[in-house]
Amino acid sequence: VLLRGSSSAVLYGCGRILFLGRERICFSMGERSVSVFGKALCCTVFSPVGVTVEGDIAGVCYCSGVCVGSCQKTLQEEGEA
C-alpha cells in the first residue's frame, strides 16, 4: 500500500473488489483482504499492476479473512465490537 497524503492510495496485489462504497472499499489480497476507509472514495484505477483509490482517506485496515465483515473497523461500525 502506497499512501499519497490523505487523498490517494495505491494498492498492489489486489485480486478483486469485495465491497465498493463511498466510505469503504474492500479488496481481496489472496487469503487476506484490505479495506480503505474515508469519505467520497472512488476506485479510479483497477489494473493487474495496481489499484488506485482517491478521496478523503482516513485509514487502511488489513483484514484477517476474505469476508468483508472481518475487518475490525466494519465490526465497530455495526456495533458488534
Minimum heavy-atom separation for [X] and [Y], please, with both atom names.
X	Y	answer
F46	G15	CZ-O, 3.7 Å
V51	C14	CG2-CB, 3.8 Å
L18	F27	CD1-C, 3.9 Å

Measure the spacing between [atom1] of [X] and [atom2] of [Y] and express it to the nearest 0.5 Å.
X	Y	atom1	atom2	result
I57	F37	CD1	CZ	12.0 Å
C43	L20	SG	CG	7.0 Å
C26	R16	SG	CZ	9.5 Å
D56	S7	CG	OG	8.5 Å

Transitive ILVMFWY side-chain link Y62 to V10, under 4.5 Å: no

For a 4.5 angstrom cut-off between non-hydrogen side-chain atoms, does V36 reach L11? yes

Test side chain to side chain contact (heavy atoms under 4.5 Å, CB included) applied to V45 - qualifying residues, sequence neighbours left out: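 Listed in chain order: S47, T52.
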
Short question: side chain of R22, backbone of L41 - any donor-acceptor pair under 3.5 Å?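 Answer holds: yes.
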
